[in-house]
Novice: 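I'd like to ask some things about the structure below.
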Amino acid sequence: GRPLSIEDHRLVGDGVSFVETPNKGGELTPRYLVMHYTAGKDATSSINWLTNPESKASAHLILARDGTITQLAPFNVKTWHAGLSNWDGLSGLNSYSIGIEMDNAGPLKKVGDAYQAWFGTLYEENQVVYAKHRLDSESRWWLTYTETQIKRALELAQLLVRHYGLKDVIGHEDIAPD
């Protein structure tokens with residue numbers, strides 16, 4: 001396959017598509033990469049939400065569980081992923097960062113032998129992990145990321161950090177703990 005590259009602030013490579021979001025604005029000179037999880041049903045529903053003007057939210061990339069990537073805005077345009085946020089003396093991280101949303105249901109509830117997402121989907125035991133998020137007081141069940149997704153996330157992060165000379169890769173909870 002064709003390795004990922006960046007041309008004119010757009011990601012190019014196998015399994016990459018572009019769907020423009022209206023939820024963006026202003027010029028961006030990225031200094032950081034911020035990773036998020038979607039807490040959504042699947043990549044398609046997250047893409048639909050982040051391209052809906054009513055959501056007032058967006059990100060640069062959505063990384064699906066199968067490793068496909070959808071870009072919603074060029075990397076030199078601000079997207080609305082960070083909300084009220086602070087990092088390293090800066091506030092409003094939308095103005096300083098590229099946002100990647102990784103398709104993941106987020107926290108789950110144990111229901112019998114299965115694990116249920118807030119939107120109703122049930123997952124098997126081999127798809128979950130019991131872990132404590134560092135901002136939580138106790139552990140909970142989470143959907144795991146796929147191996148393909150993790151590999152792609154690393155490839156993306158390395159490419160973006162190298163291409164834009166980014167200072168750090170941070171999680172949404174680092175910049176917006178509330």
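All heavy atoms count here, side chains included; hydrogens, waters and symmetry mates do not. Since the structure is predicted, the reported quantities are computational estimates derived from the model, not experimental observations.
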Novice: Any side-chain heavy atom of L11 sitting closer than 4.5 Å to one from L4?
Specialist: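 Yes, their side chains come closer than 4.5 Å.
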Novice: So S17 and T68, do their side chains get closer than 4.5 Å, heavy atoms only?
Specialist: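 Heavy-atom side-chain distance check fails, nothing below 4.5 Å.
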Novice: Any idea which heavy atoms bring K132 and D136 closest together, and the distance?
Specialist: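 The answer is NZ-O, 2.6 Å.
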Novice: Which is it for N104 and R65 under the side chain to side chain contact (heavy atoms under 4.5 Å, CB included) test, yes or no, and what are the steps along the way?
Specialist: CA-CA 8 Å; N104 189 290; R65 296 184 70 73; 3.8 Å; yes
Novice: Do L72 and V16 share a hydrophobic cluster (ILVMFWY, side-chain heavy atoms under 4.5 Å, transitive)?
Specialist: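 Each belongs to a different hydrophobic cluster.
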Novice: Flag the pair K41 / S46 as yes when at least one side-chain heavy-atom distance between them is below 4.5 Å, and no otherwise.
Specialist: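 No, every pair of side-chain atoms sits at 4.5 Å or beyond.
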Novice: Give, for atom CG of L166 and atom OG of S97, the distance between the pair rounded to the nearest 0.5 Å.
Specialist: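 OG of S97 is found 9.5 Å from CG of L166.
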Novice: Working to the nearest 0.5 angstrom, can you tell me the gap between Y96 OH and D168 CG?
Specialist: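 Nearest 0.5 Å value for the OH-CG distance: 16.0 Å.
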Novice: Flag the pair E101 / L63 as yes when at least one side-chain heavy-atom distance between them is below 4.5 Å, and no otherwise.
Specialist: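 Sidechains of L63 and E101: no contact.
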Novice: Quick one: closest heavy-atom pair of Q149 and D103, and the distance?
Specialist: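 Taking Q149 first and D103 second, the nearest heavy atoms are NE2-O, 2.8 Å.
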Novice: Group every Ile, Leu, Val, Met, Phe, Trp and Tyr by side-chain heavy-atom contacts under 4.5 Å, then state whether I100 and V34 land in the same group.
Specialist: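 Each belongs to a different hydrophobic cluster.
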Novice: Any ring pair (Phe, Tyr, Trp, His ring centres under 6.0 Å) involving residues 125-155? Give me the pairs, sequence neighbours left out, ordered by first then second residue.
Specialist: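 Qualifying pairs: Y37-W142, Y115-W141, Y130-W141, H133-W142.
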Novice: Look at the side chain of T21 and the backbone N and O of L50, then say whether any donor-acceptor pair between them is shorter than 3.5 Å.
Specialist: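 At least one qualifying donor-acceptor pair exists.
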Novice: I need the I98 CD1 to L33 CG distance, nearest 0.5 Å.
Specialist: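 If I round to the nearest 0.5 Å, the distance is 6.5 Å.
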Novice: Give a yes or no on whether L154 and V169 share a hydrophobic cluster (residues Ile, Leu, Val, Met, Phe, Trp, Tyr; joining criterion: side-chain heavy atoms under 4.5 Å apart).
Specialist: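 In one cluster with L154: V169, yes.
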Novice: For residues I175 and N86, determine if any side-chain heavy atom of one lies less than 4.5 Å from a side-chain heavy atom of the other.
Specialist: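 Answer no - side chains too far apart.
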Novice: Less than 4.5 Å apart, side chain to side chain, heavy atoms only: is that true for I150 and R152?
Specialist: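 A side-chain contact under 4.5 Å is absent here.
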Novice: Taking salt bridge (charged side-chain N to carboxylate O under 4.0 Å, His left out) as the definition, give me every residue that meets it alongside D66, ordered by chain and number, with sequence neighbours left out.
Specialist: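 So D66 forms no salt bridge (charged side-chain N to carboxylate O under 4.0 Å, His left out) with any residue.
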Novice: Given side chain to side chain contact (heavy atoms under 4.5 Å, CB included), test D88 with K167 step by step and report yes or no.
Specialist: CA-CA 10 Å; D88 202 21; K167 286 165 59 170; 3.6 Å; yes
Novice: Passes side chain to side chain contact (heavy atoms under 4.5 Å, CB included), I47 versus W49? Steps please.
Specialist: CA-CA 5 Å; I47 292 161; W49 177 243; over 6 Å; no
Novice: Heavy atoms only: give me the nearest V77-G25 pair and the separation to one decimal.
Specialist: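 Taking V77 first and G25 second, the nearest heavy atoms are CG1-N, 4.1 Å.
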Novice: Please name the pair of heavy atoms, one in T51 and one in E20, separated by the smallest distance, quoted to 0.1 Å.
Specialist: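 The answer is CG2-O, 3.9 Å.
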Novice: Is there a chain of hydrophobic side chains (I, L, V, M, F, W, Y, each step under 4.5 Å between heavy atoms) that links L156 to M102?
Specialist: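 Same cluster.
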Novice: Go through S55 and N23 one step at a time and tell me if the side chain to side chain donor-acceptor pair (under 3.5 Å) criterion holds.
Specialist: CA-CA 8 Å; S55 76; N23 305 335; 3.2 Å; yes
Novice: Please round to the nearest 0.5 Å and tell me the distance separating atom CD1 of I62 and atom OG1 of T70.
Specialist: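 Spacing of CD1 (I62) from OG1 (T70) equals 7.0 Å.
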Novice: Do other residues, nucleotides or ligands put more than 12 heavy atoms under 6.0 Å from the CG atom of L84?
Specialist: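 Not more than 12 within 6.0 Å, no.
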Novice: Taking atom NE2 of H81 and atom NE2 of H172, what is their separation to the nearest 0.5 Å?
Specialist: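 Atom-to-atom, H81:NE2 and H172:NE2 are 9.5 Å apart.
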Novice: If hydrophobic clusters are built from ILVMFWY residues whose side chains come within less than 4.5 Å, do L28 and Y32 share one?
Specialist: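 No, it is not one cluster - the side chains of L28 and Y32 are not joined through contacts under 4.5 Å.
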Novice: May I ask you to decide if the ring planes of F75 and Y164 are parallel, tilted or perpendicular, using 30° and 60° as cut-offs?
Specialist: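 Answer is perpendicular, since the angle exceeds 60°.
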Novice: I'd like to check I170 versus W87 (side-chain heavy atoms, cut-off strictly below 4.5 Å). Are they in contact?
Specialist: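 With C-beta onward as the side chain, the pair touches.
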Novice: List the atom of A39, the atom of F119, and the distance in Å for their closest heavy-atom pair.
Specialist: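 So the two residues come closest at O-CE2, 4.3 Å.
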Novice: Are side-chain heavy atoms of I6 and L160 found at a separation under 4.5 Å?
Specialist: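 The answer is yes; the side chains approach within 4.5 Å.
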Novice: Inspect the contact between R10 and E7 and indicate whether a charged nitrogen and a carboxylate oxygen are less than 4.0 angstrom apart.
Specialist: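 No salt bridge links E7 with R10.
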Novice: Hey, are S45 and D42 close enough side-chain-wise for a donor-acceptor pair under 3.5 Å?
Specialist: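 Side chains of D42 and S45: pair found under 3.5 Å.
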Novice: Counting N and O atoms only, with roles assigned by atom type, does the side chain of S58 sit under 3.5 Å from a partner on the main chain of K24, one being a donor and the other an acceptor?
Specialist: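 It does not hold such a pair.
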Novice: Using a 6.0 Å cut-off, check whether atom NZ of K109 has over 12 heavy atoms from anything other than its own residue.
Specialist: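 Open.
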Novice: Roughly how far apart are E173 CD and H36 NE2, rounded to 0.5 Å?
Specialist: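 The CD atom of E173 sits 9.5 Å away from the NE2 atom of H36.
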Novice: Between L108 and L143, is a side chain to side chain contact (heavy atoms under 4.5 Å, CB included) present by the stated rule, with each step listed?
Specialist: CA-CA 7 Å; L108 307 170; L143 184 61; 4.1 Å; yes
